Amino acid sequence: MEAYHNCLRCMNRRVRIMTVDGQRHEGVIVNVDRNNVYLKRDGGPERVKTSAFFGNPFAANDILVLSLFTLLAIALV
């Protein structure tokens with residue numbers, strides 16, 4: 001529940017998220033529900049898509065869905 005409230009406080013702000021498996025993601029939190037955080041990332045094709053739903057793989061800006069249970073840390077950028 002703590003990760004959920006932390007994500008809510010960071011809504012619409014640029015963050016860097018680290019997951020328990022050591023992956024780092026940077027972007028803007030656009031939505032949070034009880035199970036997931038939705039991160040709008042920007043960048044080029046060098047990004048590695050690692051979690052559930054990725055949207056259009058050819059889109060310049062896509063949404064990465066990360067499970068709240070996998071979050072280790074959230075930092076404002």
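Residue indices begin at 1 and follow the sequence shown. For clarity, every value in this text was computed on a predicted model and none was experimentally measured.
Cys7 and Ile29 make their closest contact through O-CD1, 4.0 Å (heavy atoms, listed as atom of the first residue, atom of the second, distance). Between Leu71 and Ala3, the shortest heavy-atom contact is CD1-CB, 4.5 Å. For the residue pair Val77 and Arg16, the shortest heavy atom distance occurs at CG2-N, 3.4 Å.
With a 4.5 Å cut-off on side-chain heavy atoms, Ile63 and Asn31 do not count as touching. Contact of the Leu68 side chain with the Thr70 side chain is not registered, since no non-hydrogen atoms from C-beta on lie closer than 4.5 Å. When side chains are defined from C-beta on, His25 counts as touching Leu64, because their heavy atoms get closer than 4.5 Å.
Looking at residues two or more places apart in sequence or on another chain, you find a side-chain hydrogen bond (donor to acceptor under 3.5 Å, both in side chains) between Asn6 and Arg9. Under the salt bridge (charged side-chain N to carboxylate O under 4.0 Å, His left out) criterion, Arg13 pairs with no residue at all, not counting sequence neighbours. Shown here are the side-chain hydrogen bond (donor to acceptor under 3.5 Å, both in side chains) partners of Thr19, two or more places apart in sequence or in another chain: Asp21. Here Arg24 pairs with Met18 under the side chain to side chain contact (heavy atoms under 4.5 Å, CB included) rule; sequence neighbours left out. Partners of Asp33 according to the side-chain hydrogen bond (donor to acceptor under 3.5 Å, both in side chains) rule, which considers only residues two or more places apart in sequence or in another chain, are Tyr38. Considering only residues two or more places apart in sequence or on other chains, Asn12 meets the side-chain hydrogen bond (donor to acceptor under 3.5 Å, both in side chains) condition with none of them.
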Verdict with reasoning, Asn35 to Ser67, per side chain to side chain contact (heavy atoms under 4.5 Å, CB included) = CA-CA 6 Å; Asn35 298 308; Ser67 170; 5.9 Å; no
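Salt bridge status for Glu26 with Arg41: absent, with no side-chain N to carboxylate O gap under 4.0 Å.
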